[in-house]
Amino acid sequence: MTTRVACLGDSLTRAQLSVDYLDLLERRGPPGDLRLARFGVNGDFAYNLLRRLDPVVADPPDVITVLIGTNDARASLAGYPVEQAMKRKHLPERPSAGWFQQCLEAIVERLRTETDATIGLLSLPVLGQQLDGAPAQASQAYSRMIAEVATADDATYLPLHERQVEEVRRAGPPPIPYRAPTPAASVGVLLRTAVLRHRLDTISRRRGLLLTTDHIHQNSRGAALVAEVIDNWLQTRSA
């Protein structure tokens, strides 16, 4: 029996700048086991996702995964261009931890009341490659909030952050300082992958990054961990 899965999120789910975890997830099982629907928009905050749930509830799937909050966490870092992001993404207020949690709670509430889907909330991928650095600590803090929402709102918490931390500790990559990608750098990645056909993993390897191409977007190794965490949950759900 085919399981219909809607994957909600930001650029990590859109998969223009990241390796496609939906593709990797589909490949993990027999053909036809999953029918995946993608609801990812580049640069989205939790507020943006909350405002575009209509297509999801209009055709409810069996399972919904939510991977959102990376941009909310990034907005808490020193030097992040908050005003530019507010204008670009039409945010009515400055991003904050409290507002993120409120929006995520509202997302889960609507999905829970207007669909019969099983809901899984993924914690965030690790930001950067230094686990004691401010970016990684921000992704950990926001992941804790995701866990709180999942516990309070009858959703399943999917421990992606913890799985990636485990992988970083095991591999021991060089402690390359975090450097947030600029819009120009993101366009450059698109050009290299689409025009010059450079693989995202090649970009990642040249920069010495273990799980990402730019400290944020996932390479094959990072995306495989996203797929692994979702697949492990789906297997326990169907057992």
Side-chain angles (χ1 to χ4, degrees), residues 3-13 21-22 25 28 34 36-41 44-53 55-57 60-76 95-127 131 135-167 211 216 218 222-239:
T3 301
R4 299 169 62 239
V5 183
C7 299
L8 283 55
D10 50 30
S11 61
L12 305 183
T13 301
Y21 73 81
L22 277 75
L25 175 61
R28 289 178 67 93
L34 301 177
L36 302 176
R38 187 190 312 273
F39 296 90
V41 174
D44 262 11
F45 289 72
Y47 167 80
N48 302 116
L49 177 58
L50 174 61
R51 292 175 60 86
R52 57 178 178 85
L53 295 178
V56 182
V57 301
D62 304 306
V63 174
I64 297 171
T65 66
V66 180
L67 177 52
I68 197 70
T70 290
N71 293 305
D72 297 84
R74 289 175 61 206
S76 72
S96 68
W99 190 38
F100 164 73
Q101 190 158 348
Q102 290 172 15
C103 290
L104 186 60
E105 289 170 348
I107 289 168
V108 176
E109 176 66 15
R110 185 172 183 201
L111 294 176
R112 192 166 54 82
T113 57
E114 297 188 34
T115 79
D116 293 323
T118 304
I119 302 167
L121 303 184
L122 289 119
S123 54
L124 302 185
V126 176
L127 281 171
L131 295 180
Q137 293 297 307
S139 58
Q140 180 183 62
Y142 276 70
S143 292
R144 290 191 185 116
M145 285 185 272
I146 293 169
E148 291 174 7
V149 172
T151 300
D153 293 348
D154 197 26
T156 302
Y157 176 70
L158 305 183
L160 172 61
H161 185 84
E162 294 82 348
R163 181 67 183 89
Q164 290 206 344
V165 166
E166 175 188 333
E167 187 74 2
L211 302 178
I216 297 168
Q218 305 295 289
L225 294 177
V226 183
E228 173 192 302
V229 169
I230 296 173
D231 185 49
N232 287 345
W233 172 53
L234 292 176
Q235 294 302 322
T236 61
R237 178 183 172 273
S238 60

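Scored by the salt bridge (charged side-chain N to carboxylate O under 4.0 Å, His left out) test, Asp153 finds no partners at all (sequence neighbours excluded). Listed by chain and number, the residues in a side-chain hydrogen bond (donor to acceptor under 3.5 Å, both in side chains) with Glu105 amount to none (sequence neighbours excluded). Taking the salt bridge (charged side-chain N to carboxylate O under 4.0 Å, His left out) definition, one finds that Arg110 meets it with Asp54, Glu114, sequence neighbours left out. Listed by chain and number, the residues in a side-chain hydrogen bond (donor to acceptor under 3.5 Å, both in side chains) with Asp231 are Arg28, Gln235 (sequence neighbours excluded). Residues forming a salt bridge (charged side-chain N to carboxylate O under 4.0 Å, His left out) with Glu166 (at least two apart in sequence, or on another chain): Arg163. Applying the side chain to side chain contact (heavy atoms under 4.5 Å, CB included) test to Thr115 and every residue at least two apart in sequence or in another chain returns Val57, Pro60, Ile64, Ala117.
Looking at Leu22 and Thr13, their side chains come closer than 4.5 Å, going by heavy atoms from C-beta outward. Using a 4.5 Å heavy-atom threshold, the side chains of Tyr142 and Ser76 count as touching. A 4.5 Å side-chain heavy-atom check between Cys7 and Leu67 finds every atom pair outside the cut-off. Side-chain contact between Ile146 and Tyr157 is present, with at least one heavy-atom pair separated by less than 4.5 Å. At a threshold of 4.5 Å between non-hydrogen side-chain atoms, the residues Ile230 and Val5 do not count as touching. Residues Leu12 and Thr70 meet the side-chain proximity criterion, which asks for heavy atoms closer than 4.5 Å. Inter-residue side-chain proximity for Met145 and Phe100 is flagged as met; some heavy-atom pair is nearer than 4.5 Å.
Atom CG in Leu211 sits 13.5 Å away from atom CD1 in Ile216 (nearest 0.5 Å). Note that CG of Leu111 and CD of Glu109 are 9.5 Å apart. Values are rounded to the nearest 0.5 Å. For the atom pair NE2 of His161 and CG of Leu127, the computed distance is 8.5 Å after rounding to the nearest 0.5 Å. Note that the CD atom of Glu228 and the CG atom of Leu160 stand 9.5 Å from one another [nearest 0.5 Å]. Note that CG of Asp116 is 9.0 Å distant from OG1 of Thr118, once rounded to the nearest 0.5 Å.
Few gaps surround CZ on Arg52; more than 12 heavy atoms of other groups in view lie less than 6.0 Å from it.
The nearest pair of heavy atoms linking Leu121 to Ala155 is CG-CB, 4.1 Å. Heavy atoms only, all atoms of each residue included: Leu158 and Trp233 are closest at CD2-CG, 3.5 Å. Summarising the geometry of Asn71 relative to Asp44, their closest heavy-atom pair is ND2-O, 2.9 Å, with the distance given to 0.1 Å.
Within the 3.5 Å criterion, the main-chain N or O of Ser143 finds no donor-acceptor partner in the side chain of Ser123. Listed for the Gln164 side chain is a donor-acceptor partner under 3.5 Å among the backbone atoms of Val126. Between the side chain of Gln137 and the backbone N or O of Leu131, at least one donor-acceptor pair lies under 3.5 Å. In this structure a side-chain-to-backbone donor-acceptor pair under 3.5 Å is missing from Asp10 to Ile68.
Arg51 and Asn48 share no donor-acceptor pair across their side chains, judged by distance under 3.5 Å alone.
Among Val66, Thr65, Leu53, Leu8, the single residue meeting the side chain to side chain contact (heavy atoms under 4.5 Å, CB included) criterion with Phe39 is Leu8.
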